[in-house]
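Small disclaimer: the values here were computed from a predicted structure and weren't measured. Residue numbers start from 1 in every chain, and the chains themselves are labelled A, B, ... in the order their sequence lines are given, proteins ahead of strands.
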There are 2 protein chains.
Amino acid sequence: MDFARHDFSQSLRNAGLRVTVPRLAVLTAMAEGSPHVDADAIAEAMRARIGDVPRQTVYNVLRAFLEAGLVRRIEPAGSRGLYELRVGDNHHHVVCRRCGATADIDCVAGRAPCLEPEETGGFLIDEAEVTFWGLCPACRGLTSEGGDATGRRESATNHIGRGESDVG
Amino acid sequence: MDFARHDFSQSLRNAGLRVTVPRLAVLTAMAEGSPHVDADAIAEAMRARIGDVPRQTVYNVLRAFLEAGLVRRIEPAGSRGLYELRVGDNHHHVVCRRCGATADIDCVAGRAPCLEPEETGGFLIDEAEVTFWGLCPACRGLTSEGGDATGRRESATNHIGRGESDVG
DNA sequence: GTCTGTTACTTGACATAGTCAAATCTAGTC
DNA sequence: GACTAGATTTGACTATGTCAAGTAACAGAC
């Protein structure tokens, strides 16, 4: 599975990071998997690729990538942290209340902060993080089954990533 | 501490909930404390009022309130869940990257969703949750001390609620 | 090629923020 | 006052991380 190894190695070096097997495996897993994955899903993908990996290694690698700006972390309310390779633009996200599927929403402004409140309460604001909530295409067809799209959000403890939408 | 007991009792009854000592204590704690409190801070305030309370009771009460629409829950990335009594409008929040202080930001639209993306990716969107990130008035004066308002957000594991801002 | 220092990985314990299930209690109704 | 659905309490458990210390290995110098 060396087809993109060189590119990833170069990305790591460019970011000032050493090239290691776990790091390449994380990058490959993120590039080949769904665009928003949690640490657990990454660990599982790594396991299929390079064998068992300690959870701590996954978190170490992801933290290093975060600090180097290689990945971005989001954390929709009620779900675990999700990591994505799409960095540099200031896009937003839409999350399905029912299955937790997550997709990207382009930001019109393109850079942070894309919104400026009229009254900031004295805060110096540098980013507006927007999360849209609703129902994904698949779940829209199931609304009669007890869905409450107009009420509070459902507990989003589903396996996010499993129901990942590819609409982004 | 009965000064507002009748009002809270009525609120509970109006919401179809039984009036109990823990529930009144939660409402009082939330009304008298800072506008965004976590379950732990609520438990502590209750303890001062009615003695020791199991953590599970706090979560039970808060869940009942959530389902009844008496409180709203937010969960800024990296922090624990915060509860607020301000419901019904679609206001947003600003969170300090450094100390976790949280304040309300009025929504111009006033009702959800206040933003409508051009391309929804097939999602049926009913709410746009906006979280502004930046530095609170107190922390703006400390930026020379290693602050990185332009970088990624700092780990927000501080005791949110302790540093609560009153600027909202 | 190999030596060496620094960085990364691994192991194991621990922390936080909750949820789940069953038993007990009590507010509200008759 | 008795009854009963709903609320509280108790205790165990889960999920999602972090911390610290020892070991392994990458990358540059020779």
For this session: By nearest nucleotide on DNA chain C, pick out whichever of B:R13 and B:A39 is the more 5' one.
Result: B:A39
Problem set entry | B:R18 CZ to D:dC3 C1', straight-line distance once rounded to whole Å | 11 Å
Exercise. Would you call A:R73-A:E84 a salt bridge at under 4.0 Å N-O?
Worked result: no
Problem set entry | Distance, rounded to the nearest Å, where B:L82 contributes CG and C:dG18 contributes C1' | 14 Å
Exercise. Closer to the 5' end of DNA chain C via nearest nucleotide, is it A:P54 or B:R63?
Worked result: A:P54
For this session: Using atom CD1 of A:I42 as one end and atom C1' of D:dG17 as the other, report the distance to the nearest whole Å.
Result: 14 Å
For this session: Give B:R23 one of three labels, base, sugar-phosphate or nothing, depending on what nucleic acid heavy atoms sit under 4.0 Å from its own.
Result: sugar-phosphate
Exercise. Between B:D89 and B:H91, which heavy-atom pair has the shortest distance, and what is it?
Worked result: OD1-ND1, 2.9 Å
For this session: For the side chain of B:V19, starting at C-beta, report the closest nucleotide among D:dT9, C:dT6, C:dG28.
Result: C:dG28
Problem set entry | Whole-Å distance separating the CG atom of B:N60 from the C1' atom of C:dA27 | 16 Å
Exercise. With respect to the side chain of A:Q56, which nucleotide from D:dT9, D:dC19, D:dT16 is positioned closest?
Worked result: D:dC19
For this session: Hey, which sits more toward the 5' end of DNA chain D by its nearest nucleotide, B:V61 or A:R55?
Result: B:V61
Exercise. Should the pair A:R49-A:E44 be classified as a salt bridge under the 4.0 Å nitrogen-to-oxygen rule?
Worked result: no
Problem set entry | Phosphate OP1/OP2 of C:dA8: any A:T57 side-chain N/O under 4.0 Å | no
Exercise. If only side-chain N and O atoms of A:R73 are considered, is one of them under 4.0 Å from the OP1 or OP2 phosphate oxygen of D:dG17?
Worked result: yes
Exercise. Between atom CD1 in B:I50 and atom C1' in D:dT8, what is the gap in whole Å?
Worked result: 11 Å
Problem set entry | Whole angstrom value for the distance that separates P of C:dC9 from CG of A:L24 | 10 Å
Seminar exercise, completed: Between CG of A:D38 and P of D:dT14 the distance, given in whole Å, is 19 Å
For this session: State whether the number of non-hydrogen atoms from other residues, nucleotides or ligands found under 6.0 Å of A:R63 atom CZ is greater than 12.
Result: no
Exercise. Any luck finding a side-chain donor-acceptor pair between B:D104 and B:H36 under 3.5 Å?
Worked result: yes
Exercise. Would you say D:dT8 has OP1 or OP2 under 4.0 Å from some side-chain N or O of B:T20?
Worked result: yes
Exercise. Closest to the B:V53 side chain: D:dA7, D:dT9, C:dT7?
Worked result: D:dT9
For this session: Report yes if a side-chain nitrogen or oxygen of B:R80 is closer than 4.0 Å to either non-bridging phosphate oxygen (OP1 or OP2) of C:dA17; otherwise report no.
Result: yes
Problem set entry | d(CZ, B:F65; C1', D:dA7) in whole Å | 12 Å
